[in-house]
Amino acid sequence: MLPYPSGKLHMGHVRNYSIGDALARYMWMRGYNVLHPMGWDAFGLPAENAAIKRSMHPREWTLSNIAHMKAQMRRLGFALDWNREISTCEPEYYRWNQWFFLKMFERGLAYRREARLNWCPECGTVLANEQVVNGCCWRHETTPVEQRAMQQWFLKITAYADRLLDDMKQLEGGWPERVLTMQRNWIGRSEGAEVDFDIEGCADKIRIFTTRIDTIYGATCLILALEHPLAEKLVTDAEGRLKIKEAIDRTARQDPDSLEKIGLFTGRYAVHPFSGAKIPIWLGNFVLMGYGTGAIMAVPAHDERDFEFCQRYNIPIAPVIRPVAGEDGLPYVEDGVVENSGEWSGLGSEEARRKMTAFAREHSFGEAAVTYRIKDWGISRQRYWGTPIPMIHCPHCGIVPVPEKDLPVLLPLDVTITGTGKSPLESVDWFINVNCPKCGGAARRESDTMDTFVDSSWYFYRYCDPHNEHAPFQTSTIARWFPIDQYIGGITHAILHLIYSRFWTKVMHDLTLISNAEPTKNLFTQGMVLKGGTAMSKSKGNVVDPDEMVARYGADTCRLYTLFAAPPEKDMEWDESSVDGQYRFLGRVYRFVTRNAAREDGRATGASDREALRKLHQTIRKITNDFDSRWHFNTSIASLMQLVNELYTLEADLSAEAARTICEKLTLMLAPFAPYTAQDLWDTLGHNGPVFRQTWPAFDSELAKEDLLEIPVQVNGKLRGHIHTPLGAPKEQLEQLALENDKVTAFVEGKRIVKIIVVPDKLVNIVAK
RNA sequence: GCCCGGGUGGCGAAAUCGGCAGACGCAAAGGACUUAAAAUCCUUUUCGCCGCAAGGCGAGUGUGGGUUCAAGUCCCACCCCGGGCACCA
């Protein structure tokens, strides 16, 4: 039995909750309506919308926690795949996901094509590139993904690549630089040129992408990806084709970190479009089909990878860039002066790139081109749960969208989950066999469902208007909450959820549903919770469930522990040995307030009152500052502890009046961090209603002022003594007091005073020789 | 290899703008209360040396330099740890 009320805490993501909830409560007490989808639990409000309807503050603030997503989405009826939960049909959730899908299909932003994709054998489904971590599924970290070729639905996130990049300007300052860098790398925009090479004795051309067209005279061969469509045309003999297949297999089996370069000569030659030289055409396993054109020109003199390849296969190396004088190191990727390049020799790299690209364009064998690393978002999943993709395959009409009036397409309930890798929906005849909406003939319904990252991309908009039956949400209803003022989440979402939701926001912006181009103004990424020095994960088996801590100490102690262990942006080691301190602290607060809530001993006010009030106002100032600037709640809680420690020493001499004031303000300051205890104390103090509806205490800088300062005195930079002066004492006085100080004189004696540095209210340093 | 973080007592950490390094807490030791234990309250606690003692002296924020009256904080070089990216042409 705990000595104070413990409360409840949903323990899914205890750290994220503690941080977000503390902020939400503080902002509320500072006079903002806070839209914080999950935080109302902590506030004690029954329903999410009650808060919006019962607006009580003129100012508004939107806060969302990524870790709260699961619970928020569950409320909205979105599907959840996290625990392989099988959702029942939630018509509104399907309807609007499907509605968006149709809008994208109309605009060419949703399309279907065959693709080799990452397949997780454990999930029995394909995954998007973003969802593959170290070659394994993001949900099954020890299960390597396989490659499978199948028909897949994609969302054209690449069409938004430039806007996703450009709009980062709006996020600078509000988002951690680290996340922006990760997204920038992920999008991977690079500018260059595409160039066609004729093939000797063949009408086809090979198109390559390069960022260094200035080095093209150094190209001594072309290298195509093993899977390049032209490979089969160039290599016609059975033996050669077998070798290609073997090379693909061998590459797939290798550790991607130390891939051995494998090359196959096609026996064919290409014509260099600038020099007219005949250069061999190779296939190489390090050339990626999925990037650029799947073919490169190898410039071994100036590219490390090409060098390695060409050296291995005895392909000539021809330097064409002279490093700029003064620069040393490898010339591999550096700009310099072009040489051995016919009429272009002597130009700087940059100028050469511009002019050579223009030349290629004039002679119709190339053009400037931009390539991205990011690929379209593959959203097809062969799972039962998730939104059915609202499409019908008709043998006569092709792919036909389900008419909007027929939405939502609901999942059948009579499904057996086989786990065989085929979509379970395939086996439900009544679901699959439908009539074509166009011609009325027999047709088959699409059986793939959508990636559940689709749901998380826009749930926070729907959350603000959850019961709308006519639209995903009403623009005017949600406009006031967006963009989100503050989003809190783990760094793990940097290139998953956080890029998808930015994309979705832009699509909705283009559909004129919203006016904001970005979903959130500010992003805060809290540090990871570590156990044994590494991030907790199911595969490592080091996941700690804090439920036990909550059962033993209560949720408030658990919150305090989480917030006190480290500043929120820093990783924290989950080490329960220090939780006792938080438990003891809450007990100390509880006992002090209950002892002093309604004392009637008529003790007179005196010096202790003054001292206690000073400490109180200093604490208010400190915590207010922490909330307003840096959220280092560990120091906020430490200062509350200091206040309580001081109160314990002064308690015997406090007047009832001062004690009462202090109890109230202390309780209010505790509320963001330990809401249940604070609420109980607030009741004990004889108040009615929720403590978080009280105004955050203001500090009085007069009361916070120290009467007498203790100022350190240094001699030659070493601390030798202290002097006592009132605040704001003049320099001369400090100087004089310092020189009169016994301890100081002992060190100055016999020396010549060179200089005295006086920093008012801070320090005196005497320089003596 | 490239790009970010970070390195402070036995431990988690604090020092927010260049101004007393180690706040606050854990653990440990001692004491009070108690028949006893728990709980609670109080005290000590960076390291080394000197002293019976009050106290004093010296060293100290990964390493080596530098700037400054003054450096955990700024500059240069390096070491170590963590994270992200990585045949992206």
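Each chain gets a letter, A, B and so on, in the order the sequences are listed, and its residues count up from 1.
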A:T215, A:D214, A:T210 screened by side chain to side chain donor-acceptor pair (under 3.5 Å) with A:R212, the one that passes: A:D214
Distance in angstrom units between A:Q618 CD and B:C24 C1', rounded: 16 Å
Residues in ring-ring contact (aromatic ring centres under 6.0 Å, His included) contact with A:H272, at least two apart in sequence or another chain: A:F197, A:Y217
Nucleotide B:C42, atom P - distance to CZ of A:R584 in whole Å: 12 Å
Consecutive-pair stems (at least three Watson-Crick or G-U pairs, under 3.5 Å) that include RNA chain B: B:1-7 with B:79-85, B:10-12 with B:24-26, B:28-32 with B:40-44, B:46-50 with B:55-59, B:62-66 with B:74-78
Distance-only donor-acceptor hits, side chain of residues 745-765 of chain A, under 3.5 Å, sequence neighbours excluded:
{"from": "A:T745", "atom 1": "OG1", "to": "A:N741", "atom 2": "O", "distance (Å)": "3.3"}
{"from": "A:T745", "atom 1": "OG1", "to": "A:D742", "atom 2": "O", "distance (Å)": "2.7"}
{"from": "A:D761", "atom 1": "OD1", "to": "A:G728", "atom 2": "N", "distance (Å)": "2.8"}
{"from": "A:D761", "atom 1": "OD2", "to": "A:G728", "atom 2": "N", "distance (Å)": "3.4"}
{"from": "A:N765", "atom 1": "OD1", "to": "A:G717", "atom 2": "N", "distance (Å)": "3.1"}

Set of residues satisfying ring-ring contact (aromatic ring centres under 6.0 Å, His included) with respect to A:F309, sequence neighbours excluded: A:W282, A:F286, A:Y313
Please list each protein N or O that sits under 3.5 Å from an N or O in nucleotides 44-51 of chain B, with the distance.
none

Sequence-distant partners of A:F585, ring-ring contact (aromatic ring centres under 6.0 Å, His included), two or more places apart: none
Where protein sits on nucleotides 5-16 of chain B, one letter per nucleotide: B base, S sugar-phosphate only, - none, heavy atoms under 4.0 Å: -------BSSSB
RNA chain B-proximal residues of residues 184-191 of chain A, any heavy atom under 4.0 Å: A:S190
Nearest-Å distance for atom pair CG/C1', residues A:D761 and B:C17: 16 Å
Side-chain N,O (A:R373) to OP1/OP2 (B:A86) below 4.0 Å: yes
Side-chain N,O (A:R588) to OP1/OP2 (B:C42) below 4.0 Å: yes
Of all pairs that satisfy salt bridge (Lys or Arg N to Asp or Glu O under 4.0 Å), the ones with a partner from residues 175-190 of chain A, not counting sequence neighbours: A:D162-A:R189, A:E172-A:R184, A:E177-A:R184, A:R189-A:E191
Test ring-ring contact (aromatic ring centres under 6.0 Å, His included) applied to A:F592 - qualifying residues, sequence neighbours left out: none
Residue pairs involving residues 626-636 of chain A (criterion salt bridge (Lys or Arg N to Asp or Glu O under 4.0 Å); sequence neighbours excluded): A:R30-A:D628, A:K622-A:D626, A:D626-A:R630
Reading 5' to 3' through nucleotides 53-59 of chain B, protein heavy-atom contacts under 4.0 Å coded B for base, S for sugar-phosphate only, - for none: ---SSSS
